[in-house]
Each structure stands twice: as structure tokens, then as C-alpha cells.
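Heads up: the structure comes next, in C-alpha cells.
As the structure lists them, so they are numbered: ligands from 1, and atoms in each ligand from 1. The figures that follow rest on heavy atoms only: side chains count, while hydrogens, waters and symmetry mates do not.
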Amino acid sequence: MINHLPPQKNWQQQISDAITDPMQLLERLQITDPKLLSVYQAHAQTSKKFGLKVPHAFVAKMKVGDSQDPLLRQVLPMYGQDVHTQGGDDYVLDPLQEVHASPVTGMLHKYQSRILLTVTGACAIHCRYCFRQHYDYQANRPSSQTQVVQDYILAHPDINEVIFSGGDPLSLNNRRLFVWLDAMATMPQINTIRLHTRLPIVIPERLDDELLTKFDSLTQVMTDNAINLIMVVHTNHANEIDDATARQLWRLRHAGVTVMNQAVLLKGVNDTVTAQVALSQRLFDAGVLPYYLHLLDKVKGSAYFYVSEEQAVALYWQMLARLSGYLLPRLVKELPNCPFKTPIDIYKSAKNCQYMG
Ligand SMILES: *Cc1c(COP(=O)(O)O)cnc(C)c1O
Ligand code: SF4
């Protein structure tokens, strides 16, 4: 681990200072593998629509000199490696065909009781497995009018939960974020607000005092406008939660926020029982409950992370044998036309029944 961080900067500066040049990242990590370096030298001039982007605080959690580091693997573009990988033929731009579920720009209403808002397309980090990497956020920007969303909710009485996603909703500044939170929290129909965000993991300083005070006031139990506030952080590997990150995550609990995690099952990152057990335990140490473990969406450019459903099930049986019930994430995948996250059938693979005695 690198111990000497640059002087403390606020989270917005940290985002603008993110590393975007692969050569600079490899240099910082003292990775000198000439084969690897030549790949990035060769690609230095190619266009980068979803290029490398990683803030220094996240880089500081990577191991110096380790080209196989599980955090590095999540962000370093693997030029050309997605082409001939297993399962690599049907990787598409919009694996979930979400374009059909968007009644209002920037809103997805696929699941009965809840809507998902993409309030921004910006992220503090670019994750190579991300299924939104080809999403045209500029063309699908949410209306800056909260009113349009409120009208839609009023017209659909089944909706009681609003999910802020993205992009990363915490890349909005507090002022803009609070406008959205207040607009949703004041609707009698809405009892739960959920934020899906990776920022507390990537730049823990994003959980600043102003934000935590706001969360605290929104969750005051037994007051008129109190709502359930949920944060789902996206952590794939235990090393993403160092002590400073864990302390920040605990502050959310003190502010009345329920904190959960979703991970994506990624080859070379977290596809071993050791990695999954360490992740669940580390999350719990930080006050976070495992929620989902997703199979990879087959998005173009991410095939080198592919773990087959059969391998995933075998891994899950090992996790069952090792983890307390509350430390087990639900193993799911997303099917394009399914109105919920689909649980993986773990019983159909009979060879796993060695554990059934
Ligand atoms: C994942 C998702 C949700 C939330 O699903 P949960 O199972 O409640 O976590 C809601 N809407 C959309 C479009 C989603 O993709
Ligand atoms: S932070 Fe989330 S939305 Fe943004 S690139 Fe990473 S996985 Fe995708």
C-alpha cells in the first residue's frame, strides 16, 4: 500500500485530479512489466470515450508493484482483450434493453413499487465492467425539473420508493442533491429513498458533514416527513474498505441510514470464496450488509470479467458453507424483460449437493 497520500483535498478537487493516463497510473504503482507498458503506449493516442478514470484515494488502496491487483483490474482498460474471451460474442451496448422502460427521460420504471432516476451521468471512477458505459447520458439526461418526476409518481400510486442512481448520484454537489432529496421526501406517497453510489468507497470524504446532517434530518423517526434512507455502496473487493473508509461508512449508520452493498462477480477480482468471505466480513466491520452479488451484464468490452453461471453457483455453495446467513448476498442476474432481479437457481447443479449430507 502507498502510505504517503497527497495533501487532503476536498472531494470535488479529488475528482478533477483523478488519474486518466494509464501510463501515469502504472508508474505510480511502480509496475514495469514491459509487455503491459507497450500496450498502453500503443493506445496512447486512441479515442477514449470511457477511458481510464481513477482518483488517487482509490489508487492508494492498490498494492504497489502488483499488476494483478483486484482494484487495478477494475479500472485499467484491457485494450483488445474482450474480443476473444469466453462468452464474448453476445456482448452488446445495452444488455438490459432499458431504452424500453423509460417513460420519462432519466427515469426507469421497470419494477412495480419503485422508480430509478439517473440524476447524473457522471462518475468519480470508470469501472471497466460497468453496464452503463455505453449509455448515452447526454441524450437521456433527467429533466432538471423535479416537477415532471413528481407528476409521474402522483399518477402511479404503486410507487413508494425512489432510487437515485446514475452515473453516481453523489457526484452531484450537495445543493443540487438536496433539491432532489427534498422533492421526493416531501411526497406523502414516498416512504423510502435509496442512493446507489460508489463514491463513499472511491472518495470517502464525499460523506461530508453537510451531507450527513441532511441524512440525519431526513431520517428522524416519528416525525412527519421521516423517510427510510438506504445507501447501497458498490464494493467488489475487501481492499476497497480501508480503515478511513470504514470509519466514514459508520457515520452513515449514526445518521440513521441503512447501508448495504452490491457487488458484481468479476473474474480475477472476487471470483474466489476467500475473496467473497473477506468482502462480506469487511463490509460488516464497516456497518454494511451484503445485499446483491450480480452476475456480469454482458456489456461490450467487459468479457474478460466473465464468470459462468455454473462457476458462480459452485462458488455460492462454498459461500453458504462459510458465511452466516446475514453475510450472504443474494446471487442474482438481470434479465431484460424481467420486473425484478432474478435469483440464480442454485439447486440445478447437482454436483454441489456434497454439502447437503
Ligand atoms: C435494480 C433496479 C431496481 C432496484 O431493484 P431492487 O431489487 O429493489 O434492489 C429498480 N429499478 C431498476 C430499473 C433496476 O434496475
Ligand atoms: S461508479 Fe457505478 S455507474 Fe459509475 S462507472 Fe462505476 S459501476 Fe458504472
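- Residue Cys123 has at least one heavy-atom neighbour below 4.0 Å for each of these atoms of ligand 2: 1 (S), 3 (S), 4 (Fe), 5 (S).
- Tyr111 places a side-chain heavy atom less than 4.5 Å from the side chain of Lys341.
- By the 3.5 Å distance cut-off applied to N or O atoms, Lys341 is counted among the residues near ligand 1.
- Counting heavy atoms closer than 4.0 Å to ligand 1, residue Val232 contributes nothing at all.
- Among the atoms of His126, no N, O or S atom falls under 2.8 Å of atom 4 (Fe) of ligand 2.
- Residues near Trp250 contribute nothing to a hydrophobic cluster around it, because no ILVMFWY side-chain heavy atom sits closer than 4.5 Å to its side chain.
- Using a 4.0 Å cut-off between a side-chain N of Lys or Arg and a carboxylate O of Asp or Glu, Arg251 and Asp209 qualify as a salt bridge.
- Residue-ligand proximity, Ile163 to ligand 1, at heavy-atom distances under 4.0 Å covers atoms 3 (C), 4 (C), 10 (C).
- Ionic pairing of Arg282 and Asp243 is present here: one or more N-O contacts between side-chain nitrogen and carboxylate oxygen are shorter than 4.0 angstrom.
- The hydrophobic cluster around Val232 extends to Ile230, Met260, Tyr291, Tyr292, Val332, counting ILVMFWY residues whose side-chain heavy atoms fall within less than 4.5 Å of a member.
- The distance from ligand 2 to the heavy atoms of Cys130 drops below 4.0 Å at these ligand atoms: 3 (S), 5 (S), 7 (S), 8 (Fe).
- Of all atoms in ligand 1, numbered sequentially from 1 with element shown, those under 4.0 Å from a heavy atom of Leu116 are 11 (N), 12 (C), 14 (C).
- Note on ligand 1: Glu334 sits in its first shell, one or more heavy atoms being nearer than 4.0 Å.
- Residue Tyr291 approaches ligand 1 through these ligand atoms, each under 4.0 Å from one of its heavy atoms: 6 (P), 7 (O), 8 (O), 9 (O).
- Remark: Arg206 engages Asp208 in a salt bridge, criterion side-chain N to carboxylate O under 4.0 Å.
- Between Asp21 and Arg28 there is no salt bridge, since none of the side-chain N atoms of the basic residue sits less than 4.0 Å from a carboxylate O of the acidic one.
- Under 4.0 angstrom from ligand 1, the non-hydrogen atoms of Arg114 all belong to its side chain.
- For ligand 2, the atoms closer than 4.0 angstrom to any heavy atom of Arg198 are 1 (S).
- The closest approach between Arg194 and ligand 1 falls below 4.0 Å for a heavy atom of the residue.
- Using a 4.5 Å cut-off on side-chain heavy atoms (C-beta onward), His237 and Arg73 make no contact.
- Looking at Phe340, Tyr111, Tyr292 and measuring to atom 7 (O) of ligand 1, the nearest heavy atom belongs to Tyr292.
- Within the 4.5 Å cutoff, the side chain of Ser280 has no heavy atoms near those of the Leu328 side chain.
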